[in-house]
Amino acid sequence: MLDLSKLNHNQLKAVTADDGPILIIAGAGTGKTRVLTTRIAYLIEHEGYDPQRILAFTFTNKAASEMRNRINNMLINNYVPWIGTYHSICLKILKQDINALGREQNFNIIDEHDQLGIISDIYKEGEIYAKDIKPKKALEVIEKIKTAEIDITKINSIHQLKELGIYKWESFPTFKYIVAQYEKKLLRNNLVDFNDLLILTHKLLAEHVVVREKWQNKFDYILVDEFQDTNYMQFRLLNLLINPNKQNVFAVGDPDQTIYTWRGAYPNIFDDYLNNFKHTKTYVLDLNYRSTKKILKVANSLIAHNQQRIEKDLVTNNDFGDNVICYIGDTSQQESHYIVQQIAGMIKNKSYAYHEIAVLYRAKHLSRNIEQELINNNIPYYVFGDIRFYQRREIKDLISYLKVLVKPNDEIALKRIINVPTRGIGQKTVDAIHKYATANNLSFYEVLVKCANDEIDSEWNKKNIKTFMLLLERLTNEPKSGALVDTLQFIINATKYKDYLKELDQFEERWDNVTELIASLAEYQSKYPNNNMANFLDEISLYTDSNDAKLHARNSVSLMTIHFAKGTEFKVVFIIGMNEDIFPSSRTLQEDDLEEERRIAYVAITRSMHKLYLTCNLAFSPIAANKLTPSRFLKEIGKDKYHEEHSEMISISKADLQWYDSEKPFVVEEQYSDTNIKFKIGDVIVHTLFGSGVIVGINGDMLDVAFKAPWGVKSLIKNHKSIKRLKN
DNA sequence: GTGTTGAGTATTTTT
DNA sequence: TACTCAACAC
């Protein structure tokens with residue numbers, strides 16, 4: 001039942017606002033999601049809107065399903081609006097109307113893994129030796145030009161090229177060839193990547209008036225969550241979907257939480273919105289319900305350092321709460337040890353449960369140290385987004401089987417399963433079939449059919465290919481009981497997939513995943529009895545994580561990247577790796593994206609309800625090719641806002657902590673020439689060619705010094721003139 | 001031709 | 001540490 005009594009003044013005004021464009025600037029923890037969901041319920045229950053004619057955009061699938069649940073609980077009937085990510089809404093539109101663009105409706109969506117496969121095919125066919133552009137790099141740049149809508153034919157300076165991440169002009173023709181081939185292959189196989197979902201839908205709506213009007217008339221009201229992370233393409237898409245006569249649009253966002261500029265989000269979008277919808281009513285939510293006063297102080301003082309920003313401070317009626325703690329460890333082990341001890345303490349005195357605690361970090365690989373320490377102490381944890389459910393080998397294998405049954409010409413899926421479980425059709429054979437297919441203008445599958453019919457004269461192992469084709473035939477002709485799950489079960493049995501998994505490591509976990517896939521297929525069918533396998537495959541092609549991640553996390557400490565943590569909250573939050581070059585990351589420092597890094601830190605801090613820990617360590621790090629220093633963000637927050645703790649055995653020298661007092665942490669000593677000066681392990685030196693490095697070993701007159709990549713560890717003569725030591 | 005093992009190298013963020 | 005790629009054994 002709709003209950004408006006729990007809303008505060010501003011929230012109530014936003015929820016009950018009249019029709020027409022509305023913009024909500026909502027700080028972290030100010031009840032943004034509550035406002036959005038209550039608004040939808042209000043529109044339906046109070047204003048008489050038809051739920052099926054309401055469209056809501058969310059940023060993640062997770063957020064979409066949460067919103068669906070919340071609205072379901074608020075409403076009496078079961079009709080729920082269209083809620084989804086831009087990508088999933090685009091998919092629905094394209095599945096209905098892509099014909100207008102002259103393409104077939106049975107297109108498949110490819111993920112990053114598939115994209116890389118396609119690119120390495122291109123490398124093989126074009127005999128490209130990936131010296132200066134590796135496949136991963138090529139994909140990264142392709143993604144960049146597609147999201148930023150860059151026309152590569154117009155690139156004519158090395159400067160523009162460098163901005164894309166290609167540093168040699170000679171590499172450009174190769175890259176252009178790769179891009180052209182990539183697009184050609186996608187089109188030929190009727191494939192669509194994530195960017196294409198947006199690009200094609202935009203094209204469809206922009207160029208085809210009839211289609212556009214159809215969709216504009218379909219929706220009476222459009223809502224947008226996480227508006228700050230909308231990119232320009234998505235914004236134009238939104239504009240094409242909004243019925244121009246009604247302009248019923250309701251966007252909620254927080255400019256301080258823009259953390260996806262690398263995916264095309266841009267700060268000016270709030271201005272664009274106000275310019276596009278002239279009569280927009282704006283409401284600001286700044287009363288925070290989530291965090292203690294002390295935590296908000298930390299958040300506010302950090303984000304205040306951003307120059308390009310609409311000033312706003314979060315306020316709260318909550319208590320001051322416990323001190324925010326900044327821990328500085330000697331080594332990463334000590335950092336992890338400290339965190340795990342704190343967690344163990346909280347559990348022991350029953351102040352918090354595992355699931356109320358989160359460890360957040362800037363980049364995935366940072367979870368490593370802490371994981372080991374958690375294992376050592378028997379603390380249950382769950383790493384979110386670790387290996388995404390649908391990226392797992394066993395899941396991809398089985399889904400590929402399903403895909404091939406739906407569409408035998410699905411080359412990617414076919415190539416994946418042709419030798420899984422192993423049946424003697426290896427890479428060489430696959431390459432040969434591929435080559436033959438290209439040369440004779442046949443599909444991969446058609447060549448297999450011909451081969452099985454003895455219509456091809458070749459050296460291939462025909463017996464194995466025939467066995468495989470017979471298997472496919474058996475799977476296809478399997479008497480259809482109508483239950484999708486039976487098809488999957490049949491595949492598992494016919495291929496002896498379970499036995500295959502037993503040969504691999506982590507069998508139990510893999511088999512659990514298979515069971516989960518079976519369950520989710522069963523659930524899908526009971527939810528949508530009229531949908532077929534193709535519908536299921538389309539749906540999950542946009543999913544990355546399983547719905548049950550929450551289940552796994554029920555009684556464990558949560559580990560996740562800050563990007564993943566967006567939209568969540570925890571009673572206790574540890575932000576680890578608060579080090580210069582880690583957070584802010586060295587890469588963004590080069591690219592001058594410090595403000596975005598600060599916003600990411602702001603998002604992390606504002607996840608916390610009761611207790612906040614900022615931790616770092618001062619060990620040697622190959623990332624920095626140096627001893628780590630504490631993050632500048634700690635300095636910006638201000639020492640008075642938190643309580644500082646050090647590891648007991650800490651050997652912090654003055655230089656290590658100089659960041660408190662000066663901008664530059666190290667002072668270069670006079671050039672070294674006196675043989676009497678003694679070096680010790682851990683000393684930082686500067687080499688004229690290799691830059692700064694740390695001494696990791698001393699053998700007589702030789703020093704082993706670790707330098708930044710690509711140099712690595714070098715042995716140098718102790719008193720060579722190219723070495724300078726840093727003052728400690 | 002296929003599958004396995006070991007050395008070498010690279011590390012932001014996600015739909 | 002995790003992933004790729006090349007060399008080796010089957």
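Letters go in sequence order (proteins before strands), and every chain restarts at 1. What you see is a predicted model; the values in this text were computed from it and never measured.
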Trainee: Any idea which of dT14(B), dT12(B), dT15(B) is nearest the Arg362(A) side chain?
Mentor: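 For the Arg362(A) side chain, the nearest candidate turns out to be dT12(B).
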
Trainee: With DNA chain B as reference, determine whether Ser585(A) or Glu112(A) sits nearer its 5' end, using the nearest nucleotide of each.
Mentor: Ser585(A)

Trainee: Atom CZ of Phe59(A) and atom P of dT15(B): how far apart are they, to the nearest Å?
Mentor: 7 Å

Trainee: If you check the Lys428(A) side chain, which of dT2(B), dT13(B), dT15(B) turns out closest?
Mentor: dT2(B)

Trainee: Taking atom C1' in both dT12(B) and dC5(C), what distance in whole Å separates the two?
Mentor: 25 Å

Trainee: Roughly how many Å apart are dT13(B) and dT4(C), using the P atom of each and rounding to a whole number?
Mentor: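 The answer is 15 Å between these two P atoms.
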
Trainee: So, using side chain to side chain donor-acceptor pair (under 3.5 Å) as the criterion, who are the partners of Asp397(A) when residues are at least two apart?
Mentor: Arg416(A), Tyr497(A)

Trainee: Among dT15(B), dT13(B), dG1(B), which nucleotide sits nearest the side chain of Glu143(A)?
Mentor: dT15(B)

Trainee: Can you pull the salt bridge (charged side-chain N to carboxylate O under 4.0 Å, His left out) pairs that have at least one residue in residues 423-436 of chain A, sequence neighbours excluded?
Mentor: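 Qualifying pairs: Lys124(A)-Asp431(A).
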
Trainee: Can you check the Leu366(A) CG to dT13(B) C1' distance for me, whole Å?
Mentor: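 The answer, rounded to whole Å, is 12 Å.
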
Trainee: Going by distance alone, is a donor N or O of one side chain under 3.5 Å from an acceptor N or O of the other, for Asp593(A) and Trp262(A)?
Mentor: no

Trainee: How close or far is atom P of dA10(B) from atom NE2 of His365(A), stated in whole angstroms?
Mentor: 15 Å

Trainee: Detail all sub-3.5 Å separations between protein N/O atoms and N/O atoms belonging to nucleotides 3-6 of chain B.
Mentor:
residue	atom	partner	partner atom	Å
dG3(B)	OP2	Asn419(A)	ND2	3.2

Trainee: Please tabulate, one pair per line, each protein N/O and nucleotide N/O from nucleotides 1-7 of chain C that are separated by under 3.5 Å, including the distance.
Mentor:
residue	atom	partner	partner atom	Å
dT1(C)	O4'	Arg368(A)	NE	3.1
dT1(C)	O4'	Arg368(A)	NH1	3.4

Trainee: Return the value, rounded to whole Å, for the distance between atom CG of Asp225(A) and atom C1' of dT15(B).
Mentor: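 From Asp225(A) CG to dT15(B) C1': 15 Å.
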
Trainee: What does Tyr86(A) touch in the nucleic acid at a heavy-atom separation under 4.0 angstrom: a base, only the sugar-phosphate, or nothing?
Mentor: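 No contact.
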
Trainee: Is the shortest side-chain N to carboxylate O distance from Glu371(A) to Arg368(A) below 4.0 Å?
Mentor: no

Trainee: Who are the salt bridge (charged side-chain N to carboxylate O under 4.0 Å, His left out) partners of Arg393(A), not counting sequence neighbours?
Mentor: none

Trainee: Looking only at side-chain N and O atoms, does Asn190(A) offer a donor or acceptor that is under 3.5 Å from a partner on Asn108(A)?
Mentor: no

Trainee: Rounded to the nearest Å, what distance is computed from the NZ atom of residue Lys463(A) to the P atom of nucleotide dG1(B)?
Mentor: 18 Å

Trainee: Take atom CG of Asn195(A) and atom P of dT15(B), then tell me their distance rounded to the nearest Å.
Mentor: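 Between P of dT15(B) and CG of Asn195(A): 13 Å.
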
Trainee: Using whole Å, report how far CZ of Phe564(A) lies from C1' of dT15(B).
Mentor: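 Computing the Phe564(A):CZ to dT15(B):C1' distance gives 12 Å.
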
Trainee: Which residues pass the side chain to side chain contact (heavy atoms under 4.5 Å, CB included) test with Ser120(A), sequence neighbours left out?
Mentor: none

Trainee: Which one, dT15(B), dT2(B), dT14(B), comes nearest to the side chain of Lys364(A)?
Mentor: dT14(B)

Trainee: Rounded to whole Å, please give me the gap between CG in Leu542(A) and P in dT14(B).
Mentor: 17 Å

Trainee: For Tyr260(A) and for Val430(A), find the nucleotide of DNA chain B with the closest heavy atom, then tell me which residue's nucleotide is more 5'.
Mentor: Val430(A)

Trainee: Checking Lys162(A) now: which residues fulfil salt bridge (charged side-chain N to carboxylate O under 4.0 Å, His left out) with it, not counting sequence neighbours?
Mentor: none

Trainee: Could you tell me whether Thr429(A) contacts a base, only the sugar-phosphate backbone, or nothing, with contacts defined as non-hydrogen atoms closer than 4.0 Å?
Mentor: sugar-phosphate

Trainee: Partners of Glu163(A) by salt bridge (charged side-chain N to carboxylate O under 4.0 Å, His left out), sequence neighbours excluded?
Mentor: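 Scan of Glu163(A) (salt bridge (charged side-chain N to carboxylate O under 4.0 Å, His left out), adjacent residues dropped) gives none.
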
Trainee: Does Glu143(A) have any salt bridge (charged side-chain N to carboxylate O under 4.0 Å, His left out) partners at least two apart in sequence or in another chain, and if so, which?
Mentor: none

Trainee: Quick check: any donor-acceptor pair below 3.5 Å linking the side-chain of His87(A) to the base of dT15(B)?
Mentor: yes

